[in-house]
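Each residue takes its place number in the sequence, starting with 1. Quick note: numbers below take in every heavy atom, side chains included, and nothing from hydrogens, waters or symmetry partners. Everything numeric in this text was worked out from a predicted model, so none of it was measured.
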Amino acid sequence: MRYQFGISAINWVNEDVLSVGDHYTCDQVLSEMSLLGFKGTEMCRKFPKPAAELKSKLAQYGLVLTSQWKSVMFSQPELLEEELAAFRNHADFLHEMGCRHAVVCEVSYGFSDPRTEERSRQLELDEQEWEHLIFGMHEAGRYCKQLGMKLVYHYHAETVIEGPQAIQRLMDSTDPALVHLLFDSGHAYYGGIDPLELLHTYYDRIAYIHLKDVRKHVRQRKQEEAIPFTDAVIEGLFTVPGDGCIDFVPIMQELNERGYDGWIIIEAEQDPARADPVAYAKLAKQYLSIP
């Protein structure tokens with residue numbers, strides 16, 4: 001099966017800054033996705049939560065759920081049992097929805113962790129925390145495998161696994177049969193990694209893809225002025241492929257040559273009041289030659 005393109009609901013409705021895109025309804029988001037020709041999307045806070053209701057709603061618009069982000073704190077020993085239980089419930093929901101991938105990100109001390117201000121802004125786990133993280137990832141990966149799914153790790157800006165060293169350690173320390181990687185072009189660039197190089201290096205571990213672009217001048221200003229991450233996102237840090245500084249031509253060539261056959265989710269994560277989601281989705285479709 002050749003890869004399929006989906007689009008993220010976060011292009012319409014922000015999941016962290018609740019005022020952004022809050023005027024959108026579930027039906028408006030799904031109808032616009034459908035009119036754009038996409039067949040898959042990720043979970044959104046505007047969507048109904050019960051699996052049966054969500055399946056019915058998505059089916060109205062010819063869409064399926066591809067996955068859902070899950071923040072985890074596996075690195076924290078006092079939270080690990082509770083975090084794994086919550087993850088299993090999450091994976092059960094995705095399995096019921098017919099998803100093949102569960103997306104996770106370790107958010108301890110990250111931009112969304114209220115404890116971050118209590119310690120250094122150097123987002124590094126200590127050795128014990130790394131051990132707990134790896135254990136948790138393996139446990140979650142085993143559970144996904146039992147369900148016929150793949151656990152995919154989403155490296156992310158301003159989290160403990162953002163840059164090349166942390167990604168390499170995670171990949172080197174985990175079982176390839178249990179822990180896979182989500183390739184996110186925008187977060188790779190933000191973390192100081194050439195997205196194409198990352199794709200080359202870890203292709204055999206990559207099971208799911210997010211494509212988004214970066215506005216270089218916003219990233220530079222964010223770093224120079226220490227703008228909070230979520231504020232930088234709202235100001236246009238990310239955009240759709242073809243509207244920023246990343247060259248996606250060699251990336252798509254690599255995916256075609258390798259025979260990638262999974263989901264590719266188009267993301268922008270912009271303020272819809274500044275960047276109309278439909279207009280930018282059309283721009284991405286044209287740039288990526290999506291039918």
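- In this structure, Arg142 does not pair ionically with Asp175, as no charged nitrogen and carboxylate oxygen lie closer than 4.0 Å.
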Return a table of donor-acceptor pairs under 3.5 angstrom between the side chains of residues 91-99 and protein atoms on other chains or two or more places apart.
{"unit_1": "Asp92", "atom_1": "OD1", "unit_2": "Tyr143", "atom_2": "OH", "d": "2.7"}
{"unit_1": "Asp92", "atom_1": "OD2", "unit_2": "Tyr143", "atom_2": "OH", "d": "3.3"}
{"unit_1": "His95", "atom_1": "NE2", "unit_2": "Leu147", "atom_2": "O", "d": "3.3"}

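- The closest side-chain donor-acceptor pair between Tyr61 and Glu32, if any, does not fall under 3.5 angstrom.
- Gln270 has its side chain out of reach of Asn11: every pair of non-hydrogen atoms, C-beta onward, lies at least 4.5 Å apart.
- Here the shortest heavy-atom pairing between Trp12 and Pro272 reads O-CG, 3.3 Å.
- Between Leu255 and Met252, the closest side-chain pair of non-hydrogen atoms falls below 4.5 Å.
- Looking only at side-chain heavy atoms (C-beta outward), Phe47 and Glu42 stay at 4.5 Å or farther from each other.
- Remark: Glu131 engages no residue in a salt bridge (charged side-chain N to carboxylate O under 4.0 Å, His left out) (not counting sequence neighbours).
- Side-chain atoms of Thr159 come within 3.5 Å of backbone atoms of His156 as a donor-acceptor pair (strictly under, hydrogens ignored).
- Between Phe229 and His187, the two ring planes are tilted [angle within 30° to 60°].
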Name every donor-acceptor pair, under 3.5 Å, that has one atom in a side chain of residues 233-250 and the other anywhere in the protein, sequence neighbours excluded.
{"unit_1": "Glu235", "atom_1": "OE1", "unit_2": "Arg221", "atom_2": "NH2", "d": "2.1"}
{"unit_1": "Thr239", "atom_1": "OG1", "unit_2": "Arg215", "atom_2": "NH2", "d": "3.3"}
{"unit_1": "Thr239", "atom_1": "OG1", "unit_2": "Asp243", "atom_2": "OD2", "d": "2.8"}
{"unit_1": "Asp243", "atom_1": "OD2", "unit_2": "Arg215", "atom_2": "NH2", "d": "2.9"}
{"unit_1": "Asp247", "atom_1": "OD1", "unit_2": "Val249", "atom_2": "N", "d": "3.1"}

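- Taking the six-membered ring for Trp, Trp263 and His101 have ring centres at least 6.0 Å apart.
- You'll find the side chain of Ser8 stays beyond 4.5 Å of the side chain of Ile266, heavy atoms only.
- Using bins of under 30°, 30° to 60° and over 60° for the plane-to-plane angle, the ring pair Tyr3/Phe5 lands in the perpendicular bin.
- With hydrogens and angles ignored, the 3.5 Å screen pairs a side-chain donor or acceptor of Arg205 with a backbone N or O of Met171.
- Salt bridge annotation for Asp184-Lys212: present, with a cationic side-chain nitrogen under 4.0 angstrom from a carboxylate oxygen.
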Could you go through Asp22 and Arg45, starting from their C-alpha distance and side-chain angles, then the distance that decides it, and tell me whether this counts as salt bridge (Lys or Arg N to Asp or Glu O under 4.0 Å)? CA-CA 10 Å; Asp22 199 49; Arg45 61 186 171 90; 2.9 Å; yes
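- Checking side-chain atoms of Ser173 against main-chain N and O of Leu170 turns up no donor-acceptor pair under 3.5 Å.
- By the side-chain contact (heavy atoms from CB on, under 4.5 Å) test, Lys285 is found to be paired with Phe38, Ile290, residues two or more places apart in sequence or in another chain being considered.
- Scanning for salt bridge (charged side-chain N to carboxylate O under 4.0 Å, His left out) contacts around Glu127 gives Arg169, with sequence neighbours left out.
- More than 12 heavy atoms of other shown residues, nucleotides or ligands fall within 6.0 angstrom of atom CD in Glu254.
- Under the side-chain hydrogen bond (donor to acceptor under 3.5 Å, both in side chains) criterion, Trp130 pairs with no residue, sequence neighbours left out.
- For His210 and Tyr208, the ring centers sit closer than 6.0 Å to each other.
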